[in-house]
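Everything quoted here is computed from the prediction, not taken from an experiment. A note on names: the letters A, B, ... follow the listed sequences, proteins ahead of strands, and every chain is numbered from 1.
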Amino acid sequence: MSGMRGLSVFISDIRNCQNKEAERLRVDKELGNIRTCFKNDKGLTPYKKKKYVWKMLYIHMLGYDVDFGHMEAVSLISAPKYPEKQVGYIVTSCLLNENHDFLRLAINAVRNDIIGRNETYQCLALTLVGNIGGREFAESLAPDVQKLLLQASCKEKAALCLLRLFRKNPDVVNADGWADRMAQLLDERDLGVLTSSMSLLVSLVSNDYEGYSSCLPKCVKILERLARNQDVPQEYTYYGIPSPWLQVKTMRALQYFPTIEDPSTRRSLFEVLQRILMGTDVVKNVNKNNASHAVLFEALSLVMHLNAEKEMMSQCVALLGKFISVREPNIRYLGLENMTRMLMITDAQDIIKKHQPQIITSLKDPDISIRRRALDLLYGMCDVSNAKGIVEELLQYLSTAEFSMREELSLKAAILAEKFAPDLSWYVDVILQLIDNAEILLPYAASKVREYMDKIAIHETMVKVSAYILGEYGHLLARRPGCSARELFGILHEKLPTVSSPTIPLLLSTYAKLLMHAQPPDIELQKQIWNVFKKYESSIDVEIQQRAVEYFELTYLVEDVEDTADQSAIKLRAQQLPSNALVLADPQPVNGTPPPLKLDHESASQTQSQPNGDLSKAQSQIPSADLVGEMVDSLAIEAPPVDMGSHQRVYREEDGIPDEVDGTAIVPIGDQANKVEPIGNITERFNALCLKDSGVLYEDPYIQIGVKAEWRGHHGRLVLFLGNKVTSPLTSVQALIQPPAHLKLELSLVPDTIPPRAQVQCPLEVMNIRPSRDVAVLDFSYKFGTSMVSAKLRLPAVLNKFLQPLQLTSEEFFPQWRSLSGPPLKLQEVVRGVRPLSLPEMENLFNSFRVTICPGLDPNPNNLVASTTFYSENTRPMLCLARIETDPADRTQLRLTVASGDSTLTFELKEFIKEQLIAIPMGSRALVPAVPVPAAPLAQPPSPAVDANDPGAMLAGLL
Amino acid sequence: MIKAVMMMNTQGKPRLAKFYDFLPVEKQQELIRSVFSVLSSRPENVSNFLEIDSLFGPDSRLVYKHYATLYFVLVFDGSENELAMLDLIQVLVETLDKCFSNVCELDIVFNYSKMHTVLDEIVFGGQVLETRSDEIMKAVEEISKLEAASNSISLVPKSVSGWRGGR
């Protein structure tokens with residue numbers, strides 16, 4: 001069985017495969033071969049059959065589906081001779097599962113082996129049933145297996161087999177009829193049989209202990225025998241410990257009984273437990289240590305469960321206190337875990353508190369498993385007396401904790417702070433620190449609040465909080481079900497009739513925010529919200545009225561501006577212009593009376609509450625700047641940018657530009673007159689760079705940033721060329737990279753100052769870890785004179801850069817294509833709204849992002865198939881296949897199928913291709929290769945004339 | 001109950017994988033990959049425990065041991081004792097060491113079928129069956145004898161039929 005040459009040859013072939021693709025080809029070949037052999041050659045020797053079966057299992061382990069041979073396997077079970085029978089059993093138990101139809105066919109043959117006389121066959125049959133037997137097996141075989149368990153042979157296997165059947169159908173073992181025989185089994189002397197029987201008992205009593213009390217004293221006897229090492233054969237001692245597995249199982253079984261009533265049994269048990277607690281020492285041999293502590297920890301659990309006398313309990317806590325400070329990490333881990341369980345026991349808390357400093361040290365353990373246990377324990381042991389200390393420790397840890405723990409950590413700190421705050425000011429401090437720390441918590445907070453909103457009755461304060469949070473961060477959930485802007489609006493608006501009038505303005509603010517955040521803009525939502533605003537325009541409450549009027553105007557204006565500029569919000573957003581125009585409104589005279597330039601809150605209310613009728617029509621009415629300013633602080637972050645040049649509005653002199661900077665905008669702080677505008681469209685520059693390897697990433701009157709990149713496999717090297725275009729130095733230059741989780745980025749040092757007319761090169765090393773469409777952002781800033789300029793620039797280290805073109809022949813393509821069957825490895829989608837491209841144009845597009853079209857492979861001339869290889873550290877080189885089925889009658893739709901050996905990769909690549917195909921503005925320029933197209937003239941100030949000696953211009957030429 | 005036994009090398013290649021509750025093959029692969037990615041990022045000299053609720057559902061635990069180029073992994077539910085499971089890995093390794101005298105990764109790669117036989121003698125349907133290495137060896141030899149007898153009938157050259165052959 002070990003010496004199957006065919007199997008060894010196959011395994012070494014697989015080992016010699018250079019990549020996953022070669023492996024797949026080899027596997028396909030082998031499966032084809034096996035299939036033919038099974039089909040044609042009825043006279044296969046058992047040896048050959050077995051060889052094929054092991055190959056199939058090996059292939060299965062490598063992750064390939066083996067979906068044939070099931071019938072053959074099942075039929076072999078009833079073969080008369082051992083070798084064939086054995087093959088049948090092995091392959092059936094590995095390739096089939098309990099839900100498989102074929103398995104039903106085997107029940108009779110298996111039963112025959114179980115009730116037959118041949119012990120070897122019995123073992124084979126029991127192994128099969130014990131591993132994959134299902135409900136039907138349970139019903140037909142349980143009585144036979146029970147009978148077998150009481151005979152001489154195969155007792156261990158029969159016990160475990162019965163356990164499996166019981167798990168599948170608890171009705172097949174009835175305590176009334178079985179308890180006595182179970183107890184009888186525990187009288188066995190053989191420790192092997194006892195181990196299996198004890199597992200069976202644990203399973204039975206974990207379901208329902210009633211009826212099995214006769215087993216209790218027997219368990220205690222077994223434990224006594226082992227703990228005192230009486231009559232334990234040498235081969236059952238493991239590193240000097242009498243079968244730790246049986247000891248542990250026995251104590252586990254005892255924990256499923258609520259108490260032990262019989263006083264003498266209870267006394268003997270406590271004696272044994274005492275012995276275990278006292279008699280275990282930490283020794284040098286790791287294996288011995290593990291074994292003895294397995295028993296010790298189980299004993300601790302049992303003592304806790306039995307709620308022993310106080311003295312024994314404090315002994316346990318003392319032991320645990322010792323454990324959490326030992327060197328051996330496993331013991332530390334279990335010490336912390338058990339201490340957490342100990343918290344459930346009254347009186348124990350105070351003793352545990354004494355160990356607080358040691359537990360806090362564990363929060364800094366190099367092992368994350370231990371840190372998590374320490375966190376759980378600290379959370380559990382926290383009360384009014386120690387909350388301050390613990391929460392502050394958690395906060396301190398938060399700043400250094402790894403990503404995967406932060407959410408839980410923040411949440412726990414927040415809950416503790418709320419529950420045990422000694423005073424309110426401390427609570428506020430804690431929460432502020434948390435929010436400060438936790439951008440990642442925002443979507444979480446929003447989703448939690450969203451959940452709350454589903455409850456039927458919620459407190460008005462909760463409505464306020466929810467409204468605020470959903471307004472601010474609701475859009476972060478937009479992709480989740482039930483969280484679109486429209487749905488959020490619906491659920492909030494339901495609450496409106498139930499709230500008091502001070503809450504209504506808050507809800508109106510939220511509506512305005514939802515509307516502004518909605519991506520893509522939702523006309524229907526807009527209509528609904530405008531209706532609400534209109535309704536409240538004549539509210540008797542001035543605060544409500546004012547907000548309604550203002551928000552209506554505000555959202556209307558945005559719409560208006562977009563219409564004039566003939567650009568959709570998404571387009572504007574894509575161009576990433578500053579979005580602060582909203583505040584720069586000029587208050588227009590109402591009723592012919594010019595209001596004071598700077599309105600304070602009260603006067604605004606007055607002026608606006610008078611002309612009720614006019615306001616709803618007055619489109620030129622601009623909201624009072626103070627109030628809007630208040631709101632825009634939050635709106636500006638995500639609001640669709642508004643073009644200023646196209647509309648006659650005047651900058652308010654006092655508060656020209658808010659401090660809030662749009663995510664991607666360039667805004668000089670302070671000096672408004674010298675506002676620095678980028679030259680050219682940043683988004684289009686980025687898009688162009690996604691398809692080529694050198695070009696200009698960003699340019700403004702002072703600086704030009706060029707990029708040149710080389711890509712090899714999952715590595716890339718980008719050089720950033722920072723060129724100072726003017727005759728004075730640029731200072732405080734800073735370049736920070738915000739890497740997405742899937743890229744490793746290393747930027748070399750960027751000098752603080754770029755001398756006049758000089759160019760600085762900064763190499764950036766990129767490594768791709770896994771497929772993702774997230775984009776790295778370069779946070780770039782510098783100072784020119786007194787104005788600070790900053791820009792957030794997406795870096796063209798995008799998914800397609802890690803593709804290597806690869807053209808396949810049909811012999812290579814189709815087997816791969818077929819072997820990737822269905823989701824998640826193969827995904828299909830009908831894409832609508834595709835920008836119409838002729839087939840050659842589409843071929844060019846695909847080739848431009850390195851997904852190579854394989855001409856002539858698809859018999860239908862309207863279809864394209866393509867292939868490429870993706871490189872990342874996690875996936876290794878991975879073949880990706882794609883098929884595009886176009887509709888000659890309607891070029892705006894097509895069916896896209898993408899397949900690869902990695903489900904994430906398939907998904908990301910499909911989305912990527914979709915992005916490229918759909919007619920959004922950023923895509924429409926994708927094919928224009930050379931110079932980035934100047935942006936819409938409306939949005940741009942005239943570019944300064946470029947000097948021929950300008951290093952920036954020279955750089956552009958070079959690239 | 002033990003939910004899965006996995007062996008993989010330090011490059012993440014599975015060497016042996018057995019799941020005691022049915023899972024589709026893609027899911028198995030995904031779990032092997034995720035477990036490996038966590039294991040490979042763990043430093044030396046830390047505990048042998050991993051929190052894996054996110055992968056295997058609540059109340060599941062994982063212990064592992066790292067020997068030379070191999071990871072041995074056991075996944076199980078709350079009815080088992082962690083340290084006892086760690087001991088079981090030790091039993092498995094010691095048994096393999098006896099089987100192959102100084103076991104190394106290549107032995108495990110090329111004796112794929114024997115690995116299964118050994119494992120089946122130790123763990124049965126997700127429960128501990130046998131913990132004595134010598135008994136395990138005996139059972140394995142028994143099975144090979146039965147097979148050897150049948151192989152000679154089917155005229156397979158001796159060199160590949162012996163229970164220790166082919167190494």
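For Asp365(A), no part lies under 4.5 angstrom from a heavy atom of chain B. Looking at Arg15(B), the atoms closer than 4.5 Å to chain A (heavy atoms on both sides) sit in the backbone and in the side chain alike. With a 4.5 Å cut-off on non-hydrogen atoms, Leu129(B) touches chain A through its backbone and its side chain both. Contact of Met1(B) with chain A is made through the side chain alone, with heavy-atom distances under 4.5 Å. Residue Tyr333(A) touches chain B through its side chain alone, counting heavy-atom pairs closer than 4.5 Å. Using a 4.5 Å cut-off between heavy atoms, Gln234(A) does not touch chain B at all. For Arg332(A), no part lies near chain B; criterion is any non-hydrogen pair under 4.5 Å. With a threshold of 4.5 angstrom between heavy atoms, Lys157(A) approaches chain B through its backbone and through its side chain. Using a 4.5 Å cut-off between heavy atoms, Leu57(A) contacts chain B through both its backbone and its side chain. When heavy atoms are compared at a cutoff of 4.5 Å, Arg167(A) approaches chain B solely by way of its side chain, counted from C-beta outward. With a 4.5 angstrom heavy-atom cutoff, Asn81(B) touches chain A via backbone and side-chain atoms both. With a 4.5 Å cut-off on non-hydrogen atoms, Ser93(A) does not touch chain B at all. For Glu94(B), the part sitting under 4.5 Å from any heavy atom of chain A is the side chain, from C-beta outward, and nothing else.
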- request: Please test Leu165(A) against Val129(A) for side chain to side chain contact (heavy atoms under 4.5 Å, CB included), starting from the C-alpha separation and ending with a verdict.
  value: CA-CA 8 Å; Leu165(A) 298 179; Val129(A) 179; 3.6 Å; yes
- request: For the pair Ser301(A) and Arg341(A), evaluate side-chain hydrogen bond (donor to acceptor under 3.5 Å, both in side chains) and give the outcome as yes or no after the intermediate values.
  value: CA-CA 9 Å; Ser301(A) 286; Arg341(A) 293 184 55 195; 2.7 Å; yes
message: Please evaluate residues Tyr238(A) and Trp245(A) with respect to the criterion ring-ring contact (aromatic ring centres under 6.0 Å, His included), reporting the C-alpha separation (whole Å), side-chain torsions for both, the decisive distance (0.1 Å), and the verdict.
response: CA-CA 9 Å; Tyr238(A) 172 83; Trp245(A) 297 279; 5.0 Å; yes
query: What's the verdict on side-chain hydrogen bond (donor to acceptor under 3.5 Å, both in side chains) for Thr69(B) and Glu105(B), showing C-alpha distance, side-chain angles and the deciding distance?
result: CA-CA 7 Å; Thr69(B) 59; Glu105(B) 192 186 338; 2.7 Å; yes
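No other option in Ser37(B), Gly12(B), Ser47(B), Ala17(B) has as many heavy-atom pairs under 4.5 Å with chain A as Ser47(B). Your options are Glu156(A), Arg164(A), His293(A), Arg372(A), and the one with the most heavy-atom pairs under 4.5 Å with chain B is Arg372(A). Counting heavy-atom pairs closer than 4.5 Å to chain B, the top-ranked of the candidates Tyr64(A), Phe297(A), Tyr239(A) is Tyr239(A). Of the listed residues (Asn289(A), Leu825(A), Leu163(A)), the one with the most heavy-atom contacts under 4.5 Å to chain B is Leu163(A). No other option in Leu50(B), Val91(B), Val109(B) has as many heavy-atom pairs under 4.5 Å with chain A as Val109(B). Each of Leu126(A), Leu246(A), Ile132(A), Thr120(A) has some count of heavy-atom pairs under 4.5 Å with chain B, and the biggest count is that of Leu126(A). Counting heavy-atom pairs under 4.5 Å between each of Leu160(A), Asn330(A), Leu62(A) and chain B puts Asn330(A) at the top. No other option in Ile32(B), Leu88(B), Asn45(B), Val123(B) has as many heavy-atom pairs under 4.5 Å with chain A as Leu88(B). Ranked by non-hydrogen atom pairs under 4.5 Å with chain A, the options Arg33(B), His116(B), Lys18(B), Glu80(B) are led by Glu80(B). For the set Leu334(A), Ile90(A), Asn874(A), Thr195(A), the entry with the most heavy-atom pairs within less than 4.5 Å of chain B is Leu334(A).
Taking each heavy atom of Pro242(A) and Gln247(A) in turn, the nearest pair found is O-NE2, 2.8 Å. Contact record, Gly130(A) with Phe124(B): CA-CE2, 3.6 Å, taken as the closest heavy-atom pair. Nearest heavy-atom pair across Ala159(A) and Leu200(A) is O-CD1, 3.9 Å. Scanning all heavy atoms of the two residues, the minimum distance from Ala79(A) to Glu84(A) falls at CB-CB, 3.7 Å. The two residues Ser113(B) and Thr117(B) come nearest to each other via the heavy atoms O-OG1, 3.0 Å. Across every non-hydrogen atom of Met61(A) and Gln29(B), the tightest pair is O-NE2, 2.7 Å.
Counting heavy atoms from C-beta outward, Met405(A) and Ile368(A) have side chains that approach closer than 4.5 Å.
With Ser144(B) contributing its side chain and Val140(B) its backbone, the two residues share a donor-acceptor pair below 3.5 Å. Lys826(A) places a side-chain N or O within donor-acceptor distance of the main-chain N or O of Leu820(A), the cut-off being under 3.5 Å. Judged by distance alone, the side chain of Ser196(A) and the main-chain N or O of Val193(A) form no donor-acceptor pair under 3.5 Å.
For Lys114(B) and Asp107(B), the salt-bridge test fails: no basic side-chain N is under 4.0 Å from an acidic carboxylate O. Between Glu135(B) and Lys138(B) a salt bridge is recorded (basic side-chain N to carboxylate O distance below 4.0 Å). Ion pairing between a basic and an acidic side chain is recognised when a charged N comes within 4.0 Å of a carboxylate O; Arg770(A) and Glu873(A) show no such pairing.
For residues 52-63 of chain B, the interface with chain A (any heavy-atom pair closer than 4.5 Å) comprises Arg61(B), sorted by residue number. Residues of residues 20-28 of chain B placed with any heavy atom under 4.5 Å of a heavy atom in chain A are listed by number as Tyr20(B), Asp21(B), Phe22(B), Val25(B), Glu26(B), Gln28(B).
Residues satisfying the salt bridge (charged side-chain N to carboxylate O under 4.0 Å, His left out) test with Lys85(A), not counting sequence neighbours, are Asp113(A). Contacts of Glu235(A) classified as salt bridge (charged side-chain N to carboxylate O under 4.0 Å, His left out), with partners at least two apart in sequence or in another chain: Arg132(B).
Residue-environment remark: NZ (Lys13(B)) stays at or below the threshold of 12 foreign heavy atoms within 6.0 Å.
In summary, the aromatic rings of Tyr67(B) and Phe72(B) are positioned with their centroids under 6.0 Å apart.
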